[in-house]
Chemist: 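Below are the structure tokens for one structure; questions will follow.
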Amino acid sequence: MNIREALPTDIPQLFLLESSCFADPWSQKSLRDTLNEDHSYMLIAEENGRICGYLNTTFVLDEMNLNRICVLPQYRRIGLGTALVGRMFDYARAHGICTIYLEVRESNDNAQRVYRRFGFKVVGERANFYQNPTETGLVMSAPVLAE
Ligand SMILES: CC(C)(COP(=O)(O)OP(=O)(O)OC[C@H]1O[C@@H](n2cnc3c(N)ncnc32)[C@H](O)[C@@H]1OP(=O)(O)O)[C@@H](O)C(=O)NCCC(=O)NCCS
């Protein structure tokens, strides 16, 4: 498995990945606009040219937001999510980011377990933040500690 930064040519595959993992996939336009931003960092995990997982972040000054992370169902539980989040922290540490934020569905235990392992803690709640189905969003944050 190869992990690298996303390229504009990855957008069609990223849209398919989003569509396989989320009820509300990001459009190709949103993915492209975010990738083109100066303050974004997007990583993909690929095997033989097939994108199996990706992570999508944006940042302002010393704060980063993890907008999305997903792994194709057949590639879950082999450590890809953990590897992507680990690489995100490496990037954050190297770029003066102090805190990483994210939102996660209250019921999404799989994602929360990965996040907690990296020091994320719940710092707030947003009622009805998610649609399809409607659900509370937990706001989590983690400090980016020096190694
Ligand atoms: C959340 C998500 C990205 C996690 O990705 P993942 O690649 O499965 O994550 P990991 O493999 O690193 O870790 C998940 C579990 O697999 C376990 N695992 C990791 N490597 C393993 C291995 N070699 N053998 C067995 N289990 C392993 C981890 O310990 C962890 O177990 P736990 O849940 O009991 O703690 C994935 O479940 C996903 O895409 N979900 C749908 C989209 C989503 O909800 N995204 C988050 C909201 S934006």
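Whatever order the structure lists them in is the order used to number ligands and atoms, beginning at 1. Only heavy atoms go into these numbers, but all of them, side chains included; no hydrogens, no water, no symmetry mates.
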Chemist: When the aromatic ring centroids of Phe118 and Phe89 are compared, is their separation below 6.0 Å?
Modeler: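 That pair passes the under 6.0 Å test.
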Chemist: Any chance you could measure Ser141, atom OG, to Asn65, atom CG, to the nearest 0.5 Å?
Modeler: 11.0 Å
Chemist: With heavy-atom distances below 4.0 Å as the criterion, list the atoms of ligand 1 near Thr82.
Modeler: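 Ligand 1 atoms under the 4.0 Å threshold to Thr82: 10 (P), 12 (O), 13 (O).
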Chemist: Looking only at N/O atoms, are Ile69 and ligand 1 under 3.5 Å apart anywhere?
Modeler: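 There is such a contact, yes.
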Chemist: Measuring from Arg87:CZ to Leu84:CG, what's the distance to the nearest 0.5 Å?
Modeler: 8.5 Å
Chemist: Checking the N or O distance criterion of under 3.5 Å, is ligand 1 in contact with Ile78?
Modeler: yes
Chemist: Where is the nearest protein heavy atom to atom 13 (O) of ligand 1: which residue, which atom, and how far?
Modeler: Val114 CG2, 3.7 Å
Chemist: Report, in ascending order of atom number, the atoms of ligand 1 lying under 4.0 Å from any heavy atom of Leu80.
Modeler: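 Close to Leu80: 7 (O), 11 (O), 12 (O).
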Chemist: More than 12 non-hydrogen atoms from neighbouring residues, nucleotides or ligands closer than 6.0 Å to CG on Leu7, yes or no?
Modeler: yes
Chemist: Is the positively charged end of Arg68 above the ring of Tyr54, judged by distance under 6.0 angstrom from the centroid and angle within 45° of the axis?
Modeler: no
Chemist: Quick one: nearest non-hydrogen protein atom to atom 35 (O) of ligand 1, plus distance?
Modeler: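 The answer is Arg117 NH2, 2.7 Å.
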Chemist: What protein heavy atom sits nearest atom 32 (P) of ligand 1, and how far off is it?
Modeler: Arg113 NE, 3.1 Å
Chemist: Would Ser107 and Glu135 count as a side chain to side chain donor-acceptor pair (under 3.5 Å) here? Give the steps.
Modeler: CA-CA 8 Å; Ser107 66; Glu135 189 175 342; 2.8 Å; yes
Chemist: One thing to verify: whether Asp109 and Arg113 come together as a salt bridge, which I'm taking to mean a side-chain N less than 4.0 angstrom from a carboxylate O.
Modeler: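 Salt bridge between Arg113 and Asp109, a charged N being under 4.0 Å from a carboxylate O: no.
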Chemist: Using 0.5 Å steps for rounding, measure from the CG atom of Asn110 to the CZ atom of Arg77.
Modeler: 7.0 Å
Chemist: Heavy-atom distances under 4.0 Å decide this one: backbone, side chain, both or neither, for Arg76 against ligand 1?
Modeler: both
Chemist: Please say whether Asn67 places an N or O atom under 3.5 Å from an N or O atom belonging to ligand 1.
Modeler: no
Chemist: In the protein, which heavy atom is nearest to atom 39 (O) of ligand 1, and how far is it?
Modeler: Val71 N, 2.8 Å
Chemist: Can you tell me how far apart CG (Leu138) and CG (Leu102) are? Round to the nearest 0.5 Å.
Modeler: 9.5 Å
Chemist: Do Arg77 and ligand 1 have an N or O pair less than 3.5 Å apart?
Modeler: yes
Chemist: Between Cys70 and ligand 1, does any nitrogen or oxygen pair lie at a separation below 3.5 Å?
Modeler: no
Chemist: Can you check whether a protein heavy atom sits less than 4.0 angstrom from atom 46 (C) of ligand 1?
Modeler: yes
Chemist: Do the side chains of Arg32 and Asp10 get close enough for a salt bridge, i.e. N-O under 4.0 angstrom?
Modeler: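 Salt bridge between Arg32 and Asp10, a charged N being under 4.0 Å from a carboxylate O: no.
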Chemist: Check each of Ser20, Gly81, Pro73 against atom 6 (P) of ligand 1 and report the one with the nearest heavy atom.
Modeler: Gly81
Chemist: Between ligand 1 and Gly79, is the shortest N or O to N or O distance under 3.5 Å?
Modeler: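 Between Gly79 and ligand 1, an N or O pair is found under 3.5 Å apart.
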Chemist: Applying a strict under-4.5 Å side-chain criterion to I, L, V, M, F, W and Y, I'd like to know whether Leu80 and Leu55 cluster together.
Modeler: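 No, no single cluster joins them.
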Chemist: Give the atom numbers and elements of ligand 1 that come within less than 4.0 Å of a heavy atom of Tyr115.
Modeler: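 Ligand 1 atoms under the 4.0 Å threshold to Tyr115: 46 (C), 47 (C).
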Chemist: Can you find an N/O atom of Asn110 closer than 3.5 Å to an N/O atom of ligand 1?
Modeler: no
Chemist: Could you tell me whether Asn108 and ligand 1 have an N or O pair separated by under 3.5 Å?
Modeler: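 Yes, since at least one N or O of Asn108 sits under 3.5 Å from an N or O of ligand 1.
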